[in-house]
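Atoms within each ligand, like the ligands themselves, are counted from 1 in listed order. Throughout, residue positions are numbered sequentially from 1 according to the sequence presented.
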Amino acid sequence: MRLNAFLARAGVASRRRADELIKAGRVTVNGEPGQLNTVVGARDRVAVDGEEVSRQPLRYVLLHKPAGVVTTVRDPQGRPTVVELVPAEPGVVPVGRLDADTTGALLLTNDGQLAHRLAHPRYGVEKTYVAEVEGDPEEDALQRLRDGVELDDGRTAPARARRLGRGRVELVLHEGRKHQVKRMLAAVGHPVTRLHRSGYAGLTLEGLEPGSCRELEPSEVMELRAG
Ligand code: URA
């Protein structure tokens, strides 16, 4: 991580102010003056004016996102955001995105490395959705969802799909394109009327009411890392 990002993450200063501190020679890394292009790793000791900067502990929060809340840190239109639903002090950001009207499992963390991995298509994190749709999908529509649907940004990868009841479908994806579930179901003739993510990377919402969140157990974090 760049030195200015490290200082910003640790809450010492904004990145721009951190650059000023670095240029002024007030920041050392392992006792040597830091430079604007210095990269710091897990074992480096960073100090400002001789005082060591402690790292922010890594936090992992699972939120049961309610409808009407946007998945950003700050919304220019002033709508409520997912970050406002988690305790202020962890300084976490959402991993990936759920539409404002989608409910369900959303992970937030300040562990940039893990967030990057989980969001990267290469790792194909499993996401389980329950959709209420117009009409009642028959087997051929479900099979098309499983085989892959042609969307304007390409064909979707194989998925699991099953009917849960009249007009209710469970879809398990390893991709995360924008509005993917809504677009897939619309493409097979069953537009979504309600969408809920019941599982993300093996995490479920058991015991979590809409709008509430919990910190992950260390064993859950280890499983996410092992991926
Ligand atoms: N797919 C969608 O269409 N919307 C979401 O919020 C998540 C997946």
Side-chain angles (χ1 to χ4, degrees), residues 61-77 79-86 92-109 114-137 141-165 167-206 208-213 224 227:
V61 177
L62 179 65
L63 171 70
H64 186 162
K65 179 191 171 300
V69 175
V70 291
T71 311
T72 47
V73 176
R74 223 166 280 114
D75 182 49
Q77 293 169 44
R79 293 170 296 181
T81 74
V82 291
V83 170
E84 290 161 16
L85 292 174
V86 302
V92 295
V93 296
V95 180
R97 181 179 290 263
L98 289 177
D99 297 336
D101 59 354
T102 302
T103 59
L106 184 70
L107 183 67
L108 297 100
T109 183
L114 184 68
H116 179 74
R117 259 197 50 200
L118 291 173
H120 200 287
R122 175 151 41 107
Y123 294 98
V125 166
E126 185 168 284
K127 298 150 196 135
T128 304
Y129 294 93
V130 176
E132 289 179 24
V133 299
E134 287 179 17
D136 194 18
L142 296 174
Q143 195 55 47
R144 284 179 63 198
L145 295 169
R146 291 180 195 124
D147 292 344
V149 178
E150 204 58 59
L151 299 178
D152 53 14
D153 54 356
R155 196 179 180 81
T156 59
R160 298 207 301 277
R162 66 183 177 122
R163 184 180 174 277
L164 297 175
R168 284 187 86 221
V169 176
E170 182 186 79
L171 201 53
V172 182
L173 303 183
H174 290 266
E175 300 179 285
R177 303 191 216 164
K178 206 165 182 193
H179 307 312
Q180 185 165 349
V181 174
K182 291 176 185 169
R183 290 191 293 142
M184 286 175 75
L185 280 155
V188 300
H190 296 281
V192 170
T193 54
R194 250 175 117 147
L195 185 59
H196 176 74
R197 185 155 75 186
S198 58
Y200 178 83
L203 301 166
T204 68
L205 292 169
E206 212 178 300
L208 270 188
E209 295 299 315
S212 62
C213 63
L224 287 180

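Nearest protein heavy-atom neighbour of atom 4 (N) of ligand 1: D99 OD2, 2.8 Å. Atom 1 (N) of ligand 1 has V181 N, 3.1 Å as its closest protein atom, hydrogens excluded (heavy atom only).
Between the R155 side chain and the G148 main chain, a donor and an acceptor come within less than 3.5 Å of each other. When atom types are taken as modelled, the side chain of T156 and the backbone of V149 share a donor-acceptor pair closer than 3.5 angstrom.
Less than 4.0 angstrom separates some heavy atom of Q180 from each of these atoms of ligand 1: 1 (N), 2 (C), 3 (O). Proximity to H179 (heavy-atom distance under 4.0 Å) selects the following atoms of ligand 1: 1 (N), 2 (C), 3 (O).
For a threshold of 3.5 Å applied to N or O pairs, the pair formed by Y129 and ligand 1 contains no separation below that value. Where the criterion is an N or O separation shorter than 3.5 Å, residue side chain and backbone included, K182 meets it with respect to ligand 1.
Contact annotation for T102 and ligand 1: only side-chain heavy atoms (C-beta onward) come within less than 4.0 Å of the ligand. The side chain of L195, and not its backbone, has at least one atom closer than 4.0 Å to an atom of ligand 1 (non-hydrogen atoms only; side chain from C-beta on).
In summary, the side chains of Q143 and R146 do present a donor paired with an acceptor at a separation below 3.5 Å, with no hydrogens or angles considered.
In this structure, NZ on K178 lies 9.5 Å from CZ on R183, to the nearest 0.5 angstrom.
Under the ring pair (Phe, Tyr, Trp, His ring centres under 6.0 Å) criterion, the residue pairs touching residues 176-198 are H64-H196, with sequence neighbours excluded.
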Can you check salt bridge (Lys or Arg N to Asp or Glu O under 4.0 Å) on K182 and D99, steps first, answer last? CA-CA 10 Å; K182 291 176 185 169; D99 297 336; 2.8 Å; yes
